[in-house]
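Comments concern the structure below.
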Amino acid sequence: MVKSHMNRMTGGNGMLYPIIGFALCVAFIYMSFGDLWIDLHGETKLSFVERNGTQFMVDGKPFYINGWNSYWLMDHGVDESSRSRISAMLQAGAKMGLTVCRTWAFNDGGYNALQISPGRFDERVFRSLDNVIAEARKHGIRLILSLVNNLQAYGGKTQYVQWAWEEGVGLSASNDSFFYDPSILGYFKNYVKTVLTRKNTFTGIEYRDDPTIFAWELINEPRCMTDASGDTLQVFCEFLNPH
Ligand SMILES: *[C@@H]1O[C@H](CO)[C@@H](O)[C@H](O)[C@H]1NC(C)=O
Ligand SMILES: *[C@@H]1O[C@H](CO)[C@@H](O)[C@H](O)[C@H]1NC(C)=O
């Protein structure tokens, strides 16, 4: 019974199994070395997301965002023991059909700081951020990179204000001086410039030229408690986005 069934299967389609076998083999090679190819050449086909009116577009088609937030990617990638979490998280997101991940491109002062003090960077941590971006690209995920925290976690604006105090500049009494003190704005502007012009050690692409980065977020959860009108925040944004 089984034998005659087999005969029927192979009898009429003598070429079928070899063809399937060959196809599987090609698929296997592609899946095995596809990533390697990307590693060696540092590129997959990827375009910048653009805007047309209220619609995001990529390659002439609408781009829809199914996003999530994993703020910790750079931080967990510094130590080799936890680095595999980055690719696992991005892979999980990609499998769910998600397209954009928001994550921290900052850590000011403190443990695993990217910016140790104004203008001083830890190359080890920068490489971890390089890795986050390279891994996102590999998994077809785009990133929203946040540049500083309004809150105190990972340093935030309070750390900038403290740096200014320590250097005897920016002597305003309020943590909100982050938004308007010229010395502090100078620190932050220098920070933003360093990040945007960083050349990724894995892909060789400067961050500002990398279509993996969907958007930059100037600051996480900005609040200026001393000016409820919003004007101070508006001026801060315009300072960083001169037209
Ligand atoms: C932008 O949107 C407008 C209005 O929907 C449309 O007519 C135009 O073709 C779009 N342009 C591109 C480049 O897609
Ligand atoms: C700034 O914020 C920190 C943390 O909330 C607080 O400890 C500190 O007193 C604040 N500084 C000023 C000058 O308000």
Side-chain angles (χ1 to χ4, degrees), residues 26-27 30-31 33-71 73-74 86-87 89-106 129-150 179 185 188-189 191-224 229-243:
V26 169
Y30 176 77
M31 286 189 287
F33 297 104
D35 277 358
L36 185 65
W37 192 89
I38 292 163
D39 278 345
L40 291 174
H41 295 261
E43 54 188 354
T44 50
K45 263 199 338 195
L46 201 65
S47 308
F48 270 105
V49 175
E50 294 170 339
R51 186 179 63 83
N52 182 15
T54 56
Q55 175 78 65
F56 287 121
M57 308 282 291
V58 69
D59 296 324
K61 282 176 273 180
F63 178 75
Y64 296 105
I65 297 169
N66 301 306
W68 86 100
N69 185 55
S70 288
Y71 67 87
L73 299 177
M74 176 180 76
I86 284 84
S87 130
M89 185 71 241
L90 291 163
Q91 191 172 14
K95 273 196 179 143
M96 291 171 75
L98 304 183
T99 52
V100 175
C101 173
R102 176 175 171 270
T103 195
W104 288 178
F106 65 82
L129 186 55
D130 290 347
N131 177 57
V132 169
I133 297 168
E135 284 292 328
R137 188 183 184 91
K138 239 188 248 181
H139 289 97
I141 299 290
R142 284 186 168 78
L143 298 171
I144 298 177
L145 295 183
S146 193
L147 292 164
V148 68
N149 208 351
N150 185 82
F179 296 117
L185 287 176
F188 187 53
K189 198 162 187 175
Y191 178 77
V192 171
K193 190 175 170 193
T194 304
V195 173
L196 263 65
T197 56
R198 163 77 176 182
K199 192 169 181 182
N200 191 310
T201 53
F202 294 93
T203 64
I205 304 169
E206 277 191 26
Y207 286 10
R208 60 180 167 177
D209 295 329
D210 193 338
T212 311
I213 300 165
F214 165 73
W216 298 95
E217 182 180 47
L218 291 181
I219 177 167
N220 176 51
E221 297 189 25
R223 272 164 248 173
C224 183
S229 75
D231 289 350
T232 302
L233 280 180
Q234 192 63 41
V235 170
F236 166 76
C237 291
E238 279 160 16
F239 169 77
L240 289 158
N241 283 310
H243 297 297

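All ligand and atom numbering here is 1-based and tracks the order in the structure. Here the structure is a predicted model, which is why all the values come from computation and not from measurement. Only heavy atoms go into these numbers, but all of them, side chains included; no hydrogens, no water, no symmetry mates.
Between Phe214 and Phe56, the distance from one ring center to the other falls under 6.0 angstrom.
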- Could you please spell out the steps behind the side-chain contact (heavy atoms from CB on, under 4.5 Å) verdict for Asp130 and Tyr207? CA-CA 9 Å; Asp130 290 347; Tyr207 286 10; 2.5 Å; yes
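Closest heavy-atom contact between Asn150 and Pro222: OD1-CA, 3.7 Å.
Figure legend: Arg142 and Phe63 shown as a cation-pi pair, the cationic atom lying under 6.0 angstrom from the six-membered ring centre and within 45 degrees of its axis.
Between Arg137 and the choices Asn200, Thr203, Thr212, the side chain to side chain donor-acceptor pair (under 3.5 Å) rule is met once, by Thr212.
One N or O on the side chain of Thr99 and one on the backbone of Asn66 form a donor-acceptor pair closer than 3.5 Å.
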Do any nitrogen or oxygen atoms of ligand 1 lie under 3.5 Å from a protein nitrogen or oxygen, and which ones?
| from | atom 1 | to | atom 2 | distance (Å) |
| --- | --- | --- | --- | --- |
| ligand 1 | 2 (O) | Asn52 | OD1 | 3.4 |
| ligand 1 | 2 (O) | Asn52 | ND2 | 2.4 |
| ligand 1 | 11 (N) | Asn52 | ND2 | 2.9 |
| ligand 1 | 14 (O) | Asn52 | ND2 | 3.4 |

